[in-house]
Amino acid sequence: MDMNRRQFLGATAVAGTGIPSRWSKVAPLLAAGSSPVIATAASEKPALLGGTPVHNGGWQAWPVWRQSWETEVLKVLRSGKWFRGSATQVEEFEAGYAKLLGAKRCLATASGTTALIVSLHVTGVDAGDEVIVSPYTFIATYNSILTSKALPVFADTDPATLTMDPATIESCITERTRAIMPVHIFGMPCDMDPINAIAKKHKFAVIEDACQAWLAEYKGHKCGTLADLGCFSFQESKHLPSGEGGAITSNSADLIDRCNAFHNCGRSSGDFKGQGSFTRGNNYRMQQFQAVILMQQFDKLVQETARRRESADYLTTNLKQIPGIQPVRLPENSRAVWHLYPFRYDARHFSGLSRDKFMKALSAEGVPCSSVYHEQYYDGLLDEAIASRGFKRLFSAERLKAYRDSFRELKGNRQVCEMTVAMGQNLLLAERGAIDHIIGAIRKIQTHSAELAKA
Ligand SMILES: Cc1ncc(COP(=O)(O)O)c(C=O)c1O
């Protein structure tokens, strides 16, 4: 299945069903293309071979909104004060989001990508530097580093957690290394203690890519507050969406002042004055419309996060009983928020049924799923970057060759790319009966795996 995460999330969020009853009781949720729940009994014959799908009711559409939000959006429209500097909603959002996360400060940005670019700049990542990063992520993570004219150097992925394996970081260090960028992929916290310890030892900055990890927790603290800076995305597919949008969180007022200056065309901010009234910078500001849409959703995010966790725990308990299905291991004392719910698929327990055919069979049963990320470092993007005039000026030919060759060593990541199957967050919002359909559909495919493998 060759679908990127966003196409996949878009495709799964169609017919609305399984709308959590607590929401429909509070206020109607509105969504593009909602339709009522229809559940059918499981049939013995796999849907891919002409049987009845285990689940044919569709899933929660995404994004959703409430009629009550319209008043707030209209107020901004009618005020004519849409730009960050003309009113206070963006600042109110920043204060609210910082509080929600337990961070000292927050800066809203235009997107998650721009949050990462700003963070790299203020932590001193410059042209010709190197940043150690997870390869198992959305391509924007790589691009934020390339845009800073730095090299994204990949630590390997731990196949058990899908996140950066801290044991593989030290071998990535060169005299150019400046920062580490762990990614809490699918809302699953990275093991931050060993990552922070390595960074401290070598005086590297740590920027968390928490773009999929709103309210995820590691050892009692929220992702985005575990290192120097944390970056979030509020793009439409996200748990806290505003079409586009992003934020940077930190416990350092100085770093956030610097972020503010850089994201606001270099205007001095707070205690950060730069060399004069302007420093280097760009326009990466959030609009007031985005801020009011986001503020309406704080309570909803908290409640839906609890719901997703409940469903994910239930799935994990049940799926790990199925031979060949291995749910992900989380670091000790951490809590994921499940932007996607992934598991490892081992075809040997399914009569050799390929992962692609397994996913087709599962989708046919009414359970949309995806293989998500592949080995993106072979896609041409990095070849294009390292062949560019700028990168050739900044790095020696030997370094660029060794860099390109190092992709071969990413054995953990290769395994993850070959074995992962994941379901979208919207499935986790469904009622328990629909979650049982997911488990039932996988069991049904296993029972019929030999027929499916031959078909
Ligand atoms: C892990 C990760 N990093 C960065 C980004 C970039 O965020 P945005 O799309 O808001 O620029 C995303 C968004 O999908 C993401 O999932």
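All ligand and atom numbering here is 1-based and tracks the order in the structure.
- Within ligand 1, the atoms closer than 4.0 Å to a non-hydrogen atom of T137 are 1 (C), numbered from 1 in the order shown.
- Annotation: the span from M423 atom CE to W338 atom CH2 amounts to 10.0 Å, rounded to 0.5 Å.
- Taking CG of L294 as the start and CG of L240 as the end, the distance is 5.0 Å to the nearest 0.5 Å.
- Distances between N or O atoms of T114 and those of ligand 1 include no value under 3.5 Å.
- Taking every heavy atom of T141 and a limit of under 4.0 angstrom, the matching atoms of ligand 1 come to 3 (N).
- Polar contact check, S233 against ligand 1: a nitrogen or oxygen pair lies under 3.5 Å apart.
- Near T113, the atoms of ligand 1 lying under 4.0 angstrom from a non-hydrogen atom of the residue are 6 (C), 7 (O), 8 (P), 11 (O).
- Contacts between D209 and ligand 1 below 4.0 angstrom, taking non-hydrogen atoms only, involve the side chain exclusively.
- For ligand 1, the atoms sitting less than 4.0 Å from at least one non-hydrogen atom of C211 are 2 (C), 3 (N), 4 (C), 5 (C), 12 (C), 15 (C), numbered in the order shown with element in parentheses.
- Ring to ring, H339 and W214 are close: their centroids are under 6.0 angstrom apart.
- For the pair H339 and ligand 1, no heavy-atom separation below 4.0 Å is found.
- Note that the CZ atom of F262 and the OG atom of S269 stand 14.0 Å from one another [nearest 0.5 Å].
- Relative ring orientation between Y403 and F407 is described as perpendicular, the plane-to-plane angle rising above 60° on a 0-90° scale split at 30° and 60°.
- If you check the side chains of D191 and Y218, you find a donor sitting under 3.5 Å from an acceptor.
- Of all atoms in ligand 1, numbered sequentially from 1 with element shown, those under 4.0 Å from a heavy atom of G112 are 7 (O), 8 (P), 10 (O), 11 (O).
- Of the candidates Y373, Y377, F154, F154 is the only one forming a ring-ring contact (aromatic ring centres under 6.0 Å, His included) with Y142.
- If you number the atoms of ligand 1 from 1 as listed, the ones under 4.0 Å from a heavy atom of S111 come out as 10 (O), 11 (O).
- Looking at ligand 1, you won't find any N or O of Y373 less than 3.5 Å from one of its N or O atoms.
- Atoms of ligand 1 found under 4.0 Å from any heavy atom of A140, numbered from 1 in the order shown, are 4 (C), 5 (C), 6 (C).
- A salt bridge links D158 and R329; the closest N-O separation between the charged side-chain nitrogens and carboxylate oxygens is under 4.0 Å.
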